[in-house]
Amino acid sequence: MTDHNETQFTSAGTDIIEVKRQNAESGLSYNEVKKLLAQSGGVGTKKYSDTDVEEVKQEIHGKNQ
C-alpha cells in the first residue's frame with residue numbers, strides 16, 4: 001500500500017507531486033483559455049492577434065473584391 005504523503009517519482013526520476021503543484025500555480029491551461037475565448041466570442045482579443053484581417057478576407061472572398 002502506498003503512503004499518500006510519500007514522494008512519488010516517475011521512472012525518469014521526476015517528482016510527480018512537485019510537477020502537479022507547479023502546474024496548479026502556472027495560470028490558465030490551454031483548454032481554459034479556449035473556453036474563456038469562446039465565452040467572450042473573441043471580443044476584445046484583437047490586441048493579442050497578429051492576423052492580417054484584410055489578407056484573410058481576400059483568401060475567403062478572392063482578390064476580385
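Taking Glu55 as the reference, Asp52, Glu59 meet the side chain to side chain contact (heavy atoms under 4.5 Å, CB included) condition, with sequence neighbours excluded. Partners of Thr51 according to the side chain to side chain donor-acceptor pair (under 3.5 Å) rule, which considers only residues two or more places apart in sequence or in another chain, are Ser49.
Screening residues 30-41 for side-chain hydrogen bond (donor to acceptor under 3.5 Å, both in side chains), with sequence neighbours left out, gives Ser29-Glu32.
Side-chain polar atoms of Glu54 and Gln58 form no donor-acceptor pair below 3.5 angstrom.
In terms of hydrophobic clustering, with Ile, Leu, Val, Met, Phe, Trp and Tyr side chains grouped at heavy-atom distances under 4.5 Å, Leu36 and Val43 are assigned to different clusters.
Atom NZ of Lys20 and atom CG of Asp15 lie 10.5 Å apart (nearest 0.5 Å).
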